[in-house]
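Each remark here refers to the structure printed beneath this line.
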Protein chains: 2
Amino acid sequence: MNESRPNAMAILRERGYRVTPQRLKIYNALWNAGSHPTVIEVHQRAIKEDPTISKATVYKTLQLFTEIGLAVEMGFRDESTRYDPEVDGHINLICTQCGSVEDYDGIDLSSIKNGVEKGMKFKIFAHRFEVHGLCSKCQAK
Amino acid sequence: MNESRPNAMAILRERGYRVTPQRLKIYNALWNAGSHPTVIEVHQRAIKEDPTISKATVYKTLQLFTEIGLAVEMGFRDESTRYDPEVDGHINLICTQCGSVEDYDGIDLSSIKNGVEKGMKFKIFAHRFEVHGLCSKCQAK
DNA sequence: TTATATGCAAATCTTTTGCAAGGAT
DNA sequence: ATCCTTGCAAAAGATTTGCATATAA
């Protein structure tokens with residue numbers, strides 16, 4: 001079930017971005033930071049390897065990583081927090097290109113929630129299921 | 001498949017919170033705002049009904065709604081943005097009490113992703129599946 | 001060489017907090 | 001009457017930006 005570590009250097013090259021020591025160190029920091037580090041945590045970890053790495057660079061780099069699939073962002077960086085009154089749930093399809101959000105409710109989420117509640121002894125109050133990618137319109141472009 | 005609107009007044013009472021005009025108007029604003037409004041959008045909508053409602057109240061109220069299950073928060077309010085290098089995915093179990101994050105990979109997410117890609121013509125690059133609630137430790141308390 | 005990336009510092013937003021006044025129960 | 005909520009303004013944090021310098025290709 002473990003995921004193998006992507007080759008950040010190769011992926012950067014592929015997409016036409018430069019490979020810099022900062023980017024590699026920030027990727028190390030992200031990968032080693034355990035689960036779901038904040039920007040600040042990534043920065044603190046990165047400056048242990050190179051104390052000159054700035055917070056601004058970490059911000060910029062993590063955004064880049066998100067664009068090229070080296071990281072998933074938890075939350076919307078560019079705006080204030082969003083809230084959803086539809087608490088019973090569906091899957092949100094978020095287009096990373098145009099920002100549109102579609103709903104998908106063609107799947108029975110209750111069995112999934114059941115599995116989690118029983119398997120993990122976790123009491124669920126709410127959930128959020130999102131996929132990030134390209135909507136049909138943006139694929140056509 | 002449409003969700004019926006919860007009775008915000010009743011839920012507030014049940015949980016021992018006061019029913020105030022602001023709370024009801026903010027709930028209206030949230031419910032009517034269309035998909036996934038930002039805090040700012042909710043505020044702007046709310047002040048059309050009552051121009052004296054402050055942003056601080058909207059912030060506080062949306063946090064309350066999240067706690068009592070009237071809203072789902074998209075993102076982590078209290079900290080800087082989080083990033084996850086595990087782009088292949090699992091379900092994150094986020095405890096709203098102690099903030100712990102557990103992983104659950106006892107479910108086959110690929111069939112879900114397949115359904116989305118085929119059903120919605122959406123090209124998935126990444127996903128994020130979270131449930132919010134009480135971890136086993138916090139339930140015991 | 002040349003365009004891209006970095007670091008710094010300032011600017012801009014977002015979110016939280018303290019406190020006095022108002023209002024629900 | 002009491003205690004929870006509100007609004008305001010200030011404070012604290014998070015994120016972005018402009019620009020000069022450094023550097024990968």
Flag the pair [X] / [Y] as yes when at least one side-chain heavy-atom distance between them is below 4.5 Å, and no otherwise.
X: B/I112; Y: A/I112; result: yes
X: B/K55; Y: B/I40; result: yes
X: A/T20; Y: A/L12; result: no

Any side-chain N or O of [X] less than 4.0 Å from the OP1 or OP2 oxygen of [N]?
X: B/Y59; N: C/dT16; value: no
X: B/T57; N: D/dG7; value: yes
X: A/Q63; N: D/dT15; value: no
X: B/Q22; N: C/dA24; value: no
X: B/T20; N: C/dG23; value: no
X: B/R23; N: D/dT6; value: yes

[X] has an atom [atom1]; how far is it from atom [atom2] of [N], in whole Å?
X: A/Y17; N: C/dT4; atom1: OH; atom2: P; answer: 10 Å
X: A/L12; N: C/dT4; atom1: CG; atom2: P; answer: 15 Å
X: A/E67; N: C/dT4; atom1: CD; atom2: C1'; answer: 15 Å
X: A/K60; N: C/dA9; atom1: NZ; atom2: P; answer: 14 Å
X: A/D50; N: D/dT23; atom1: CG; atom2: P; answer: 11 Å
X: A/I47; N: C/dC8; atom1: CD1; atom2: P; answer: 11 Å
X: B/Y27; N: D/dT5; atom1: OH; atom2: C1'; answer: 20 Å
X: A/Q44; N: D/dA14; atom1: CD; atom2: P; answer: 10 Å

Item to check | Shortest side-chain distance from A/T61, nucleotide among C/dT6, D/dG7, C/dT14 | outcome: C/dT6
Next on the checklist: Under 4.0 Å, heavy atoms only, any strand: does A/P21 hit a base, just the sugar-phosphate, or nothing?
Outcome noted: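 Sugar-phosphate, backbone atoms only, no base.
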Checklist entry - Quick one: does B/R18 reach the base of D/dT5 with a side-chain donor-acceptor pair under 3.5 Å? => result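 No.
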Item to check | Nearest-nucleotide 5' precedence on DNA chain C, A/L64 against A/A56 | outcome: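 The 5'-side residue here is A/L64.
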Item to check | 5' priority, DNA chain C, between A/I26 and B/K55 [closest heavy atom] | outcome: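 In this pair, the answer is A/I26.
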Next on the checklist: Could you report the tightest heavy-atom contact between B/K25 and B/D50, atom names first, then the distance?
Outcome noted: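 Taking B/K25 first and B/D50 second, the nearest heavy atoms are NZ-OD2, 3.6 Å.
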Next on the checklist: Which label fits A/Y27 and A/F65: parallel for a plane angle under 30°, tilted from 30 to 60°, or perpendicular past 60°?
Outcome noted: perpendicular
